[in-house]
Protein chains: 4
Amino acid sequence: MTQTVLPTFINLPLAKQEKIVAAALAEFADKGYQQASINVMVASSGIAKGSMYQYFKDKKGIFLYIFDFAISLVRRTLVQVKETTQEADFFTRLEKSLLAGVEFIRQHPRIYAIYLKILFDQHVPQRPQLLKAVRQFAAEYFQSLVRQGLERGEIRADLPGPVATFLLDALFDRFLQATCVPFFDVTLGLDQAPPEEIEHRVKELIDLLRQGLAS
Amino acid sequence: MTQTVLPTFINLPLAKQEKIVAAALAEFADKGYQQASINVMVASSGIAKGSMYQYFKDKKGIFLYIFDFAISLVRRTLVQVKETTQEADFFTRLEKSLLAGVEFIRQHPRIYAIYLKILFDQHVPQRPQLLKAVRQFAAEYFQSLVRQGLERGEIRADLPGPVATFLLDALFDRFLQATCVPFFDVTLGLDQAPPEEIEHRVKELIDLLRQGLAS
Amino acid sequence: MTQTVLPTFINLPLAKQEKIVAAALAEFADKGYQQASINVMVASSGIAKGSMYQYFKDKKGIFLYIFDFAISLVRRTLVQVKETTQEADFFTRLEKSLLAGVEFIRQHPRIYAIYLKILFDQHVPQRPQLLKAVRQFAAEYFQSLVRQGLERGEIRADLPGPVATFLLDALFDRFLQATCVPFFDVTLGLDQAPPEEIEHRVKELIDLLRQGLAS
Amino acid sequence: MTQTVLPTFINLPLAKQEKIVAAALAEFADKGYQQASINVMVASSGIAKGSMYQYFKDKKGIFLYIFDFAISLVRRTLVQVKETTQEADFFTRLEKSLLAGVEFIRQHPRIYAIYLKILFDQHVPQRPQLLKAVRQFAAEYFQSLVRQGLERGEIRADLPGPVATFLLDALFDRFLQATCVPFFDVTLGLDQAPPEEIEHRVKELIDLLRQGLAS
DNA sequence: AATGAATGAGAATTCATTCAT
DNA sequence: GATGAATGAATTCTCATTCAT
């Protein structure tokens with residue numbers, strides 16, 4: 001893997017780095033990879049166009065850096081959720097995780113938007129690797145939850161593990177999409193719902209899962 | 001609503017229409033709305049650039065026509081599934097529906113790809129309306145299944161209907177995505193799975209649902 | 001000179017001819033020669049595009065026909081003015097002529113617009129000939145008025161004839177332009193003036209001429 | 001008023017600026033706004049197509065810049081004429097002004113051509129404003145001449161001021177058109193006349209005016 | 001005679017990338 | 001290291017003209 005962020009960028013004052021990252025993040029989130037305009041990024045971060053090419057090899061380089069930045073934020077957040085819910089029972093952990101997801105998207109909507117863009121755009125550079133990184137991460141998270149739930153006897157022992165993991169992953173991902181993709185969810189109307197209604201729906205969903213999965 | 005397909009196109013020999021639709025469908029499915037190139041479409045359908053504009057008002061017009069074409073195919077398919085499974089019990093109907101979905105995507109992968117592109121691209125023309133059309137349709141499908149399941153006493157009476165519908169919709173949509181979006185599903189690996197494995201996974205998933213929802 | 005109107009057009013029912021002429025006239029008057037769109041003409045006259053080419057050799061042919069149509073209307077009108085004012089004195093004839101011009105433009109604004117377009121567009125086909133036809137006509141009109149005025153002793157005998165003709169031509173043309181070209185005339189504001197004000201200005205102008213030219 | 005010339009253009013070496021201005025001026029003067037081709041401009045100024053868009057926002061921006069450039073040249077010239085003839089009597093000033101006009105057009109024929117194009121093309125961007133700028137300027141010039149002529153008692157006191165101004169404006173404008181618009185003037189044939197003949201005609205015209213307007 | 005589909009050159013504009021200063 | 005001007009290929013769309021039906 002050749003270098004895509006150049007050391008020049010790393011040596012930049014943090015404030016400048018942040019400005020550039022914010023601009024690029026916003027543009028990629030809004031338009032997707034191909035459609036994102038470097039012109040827009042440099043204009044809104046107040047740097048010269050040539051400078052962008054001092055910091056990154058090319059458009060791909062910018063994108064990969066932004067992606068790295070984003071995923072490590074996700075990772076840090078999820079690790080923290082995992083740790084702070086260590087002691088809770090399986091279904092409580094699920095609930096806390098889902099609420100944490102909702103909160104994360106509320107605070108970093110652009111990061112989630114980029115993930116969604118990558119998901120369905122075949123032409124994003126290195127899409128397979130990037131996607132694998134995210135999906136693997138999510139899968140492992142749910143696997144570990146399910147494994148612990150089984151060990152503690154909180155969920156039925158006869159479950160086919162992978163399918164259960166799939167189910168959790170699917171429901172959670174879709175729930176999050178429903179909260180932030182306009183016009184997507186017509187069943188619960190989550191994209192327009194106030195926080196307290198979302199929390200209520202989280203509880204309902206977890207209850208439903210409990211009825212299906214609890215031992 | 002102004003006209004976007006011109007009569008010229010409708011009067012074309014069917015073979016030519018199909019070639020053009022195929023080319024446009026392929027391009028939109030591959031690249032999304034903005035990134036799709038009319039140049040590519042005309043090249044691969046073997047017509048002159050100007051001709052495209054005899055057939056459609058503009059790029060948006062091509063897109064909307066393709067979308068209409070796609071959604072009416074989906075609708076016809078789903079209606080047929082609904083009718084042929086009229087007599088079956090709730091969970092069997094679910095299974096049949098999901099299998100039909102898998103089959104539809106196998107036969108029309110590009111249509112599903114376009115739907116996914118619309119879903120997450122804020123800049124698709126008339127996205128709200130288009131999306132509403134699709135999502136409403138799906139929601140009603142599941143609602144009617146759930147309603148009938150309740151009436152027949154096949155599923156638990158204490159279910160919060162909307163959440164159950166949401167759950168079905170989410171699981172099915174995600175299952176379908178898993179079968180056709182490369183690198184998306186790392187849990188079951190459905191995107192690379194042979195038909196018989198997919199059928200097996202369908203059964204497992206339906207079983208899981210049965211355990212959670214059956215009365 | 002090769003044929004540009006084809007006999008096909010001449011054989012058309014008059015109503016159809018008129019519709020086509022009206023549409024072409026409107027389009028050329030609005031946009032000028034190059035910028036005028038045959039598409040627009042056929043759309044607004046309700047005929048097929050191919051038919052236009054049955055009637056005229058090409059765009060140039062349409063234009064030349066329209067021009068001929070227009071100039072013969074002008075000619076007929078001016079001849080009539082000349083005849084009906086035969087007996088009046090020089091300055092009365094001037095006044096009547098100018099008022100007739102104002103009236104003509106009020107009734108056929110598009111014809112005057114086409115003339116103005118030709119005047120300053122080097123790329124109008126056959127511009128030299130067309131322009132000569134119009135200008136010669138106007139010049140002769142004023143020359144004959146001046147000649148008669150001299151013969152009758154109504155205007156000073158020491159006038160350099162050509163310059164006087166030039167002066168009349170210039171004033172009249174500009175006065176007409178002032179009444180119909182928006183934003184052109186900021187001195188008298190004739191483009192927005194009601195008929196009675198225009199008539200008043202005509203009188204003033206003729207008075208001024210009388211003071212300068214009368215014997 | 002949004003920016004239309006970009007600073008990039010202003011920072012260019014003067015020689016390059018001039019080449020581009022010359023090319024654009026020539027093209028607009030020849031074809032008018034709509035029909036002028038940016039392709040032609042860049043080809044004849046030897047720059048890349050994309051560069052034009054570094055210099056100007058869009059075609060309108062090029063045009064407005066050229067117009068500004070042109071009108072300020074006109075203004076400077078006329079101001080100078082006014083100042084250097086301060087002491088002369090009314091009719092001498094008229095003569096000097098007209099001669100200066102003739103000379104200006106001889107040296108900058110394209111600028112006058114652009115003015116004429118704007119005059120009669122309804123679709124020129126910002127035509128009302130542009131036209132107002134030019135016409136107001138001309139009107140004020142003649143008004144101030146007439147006013148001074150009246151104050152000094154060089155012209156008749158009973159003249160209706162606006163009509164006199166109109167007359168001067170009309171005659172001068174038309175005289176200038178006659179010298180540079182081919183085939184326009186068939187009375188005096190000024191478009192083909194040698195300088196000394198034009199000067200002679202100027203004298204004749206001024207004499208005629210003197211006879212009509214002098215006190 | 002009437003039609004209208006087919007064509008392709010040309011229009012304005014955008015954009016990632018390079019490179020001299 | 002920072003700059004921003006230069007580039008040219010790509011984009012969508014228009015239009016006069018031809019020609020088979």
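These numbers come from the heavy atoms of this one structure, side chains and all, not from hydrogens, waters or symmetry mates. Every chain is numbered from 1 and lettered A, B, ... according to where its sequence line falls, protein lines coming before strand lines. These numbers were taken from a predicted model, which means no experiment stands behind them.
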Exercise. Looking at C/S51, does any N or O in its side chain come under 4.0 Å of the phosphate oxygens OP1/OP2 on E/dT3?
Worked result: yes
Exercise. Hey, is the side chain of D/N39 poking within less than 4.0 Å of OP1 or OP2 on E/dA11, counting only N and O atoms?
Worked result: yes
Nearest to the side chain of [X] - [options]?
X	options	value
D/Q54	E/dA2, E/dA6, F/dA5	F/dA5
D/N11	F/dA2, F/dA5, E/dT13	F/dA5
C/I38	F/dT17, E/dG4, F/dG1	F/dT17
D/L12	F/dA6, F/dT17, E/dA16	F/dA6
D/Y55	E/dA6, E/dA5, F/dA5	F/dA5

Exercise. Considering heavy-atom distances to DNA chain E, does A/K59 or B/A48 have its closest nucleotide positioned more toward the 5' end?
Worked result: B/A48
Seminar exercise, completed: Comparing D/G50 with C/G50, nearest DNA chain E nucleotide closer to 5' gives the residue C/G50
Spacing between [X] atom [atom1] and [N] atom [atom2], to the nearest angstrom:
X	N	atom1	atom2	value
D/Q35	E/dG10	CD	P	13 Å
B/F9	E/dG4	CZ	P	18 Å
A/I20	F/dA2	CD1	P	9 Å
B/M41	F/dT12	CE	C1'	11 Å
B/L6	E/dA5	CG	P	9 Å
D/I62	E/dA12	CD1	P	8 Å
D/Y53	F/dA9	OH	P	17 Å
A/K31	E/dT14	NZ	P	12 Å

Seminar exercise, completed: Walking DNA chain F from its 5' end, the first of C/A36 and B/A36 to be reached, judged by nearest nucleotide, is B/A36
Exercise. Taking the inter-plane angle between the rings of A/Y33 and A/F28 on a 0 to 90° scale, is it parallel (under 30°), tilted (30 to 60°) or perpendicular (over 60°)?
Worked result: parallel
Exercise. Under 30°, 30 to 60°, or over 60°: which ring-plane class applies to A/F9 and A/Y55, parallel, tilted or perpendicular?
Worked result: tilted
For this session: Step through the shown structure and confirm whether more than 12 heavy atoms of other residues, nucleotides or ligands are within 6.0 Å of CZ on A/R110.
Result: no
Exercise. Sub-3.5 Å donor-acceptor pair from the side chain of D/K117 to the main-chain atoms of D/A29, do we have one?
Worked result: yes
Seminar exercise, completed: Dot-bracket assigned to DNA chain F with the 3.5 Å Watson-Crick/G-U criterion, [ ] for crossing and | for other-strand pairs, is .||||||||||||||||||||
Give [X] one of three labels, base, sugar-phosphate or nothing, depending on what nucleic acid heavy atoms sit under 4.0 Å from its own.
X	value
C/T8	sugar-phosphate
B/K16	sugar-phosphate
C/S37	sugar-phosphate

For this session: Report yes if a donor N or O on one partner sits less than 3.5 Å from an acceptor N or O on the other, where the partners are the side chain of C/K49 and the base of F/dT17; otherwise report no.
Result: yes
For this session: State, yes or no, whether a side-chain contact exists between B/I47 and B/M41 at a heavy-atom distance under 4.5 Å.
Result: no
For this session: Please tell me if the side chains of A/F56 and A/L64 come closer than 4.5 Å, counting only heavy atoms from C-beta onward.
Result: no
Seminar exercise, completed: Heavy-atom closest pair (A/Q54 atom, A/L6 atom, distance to 0.1 Å) is O-CD1, 3.2 Å
Problem set entry | C/K31: which of C/Q34, C/Q35, C/E27 passes side chain to side chain donor-acceptor pair (under 3.5 Å) | C/E27
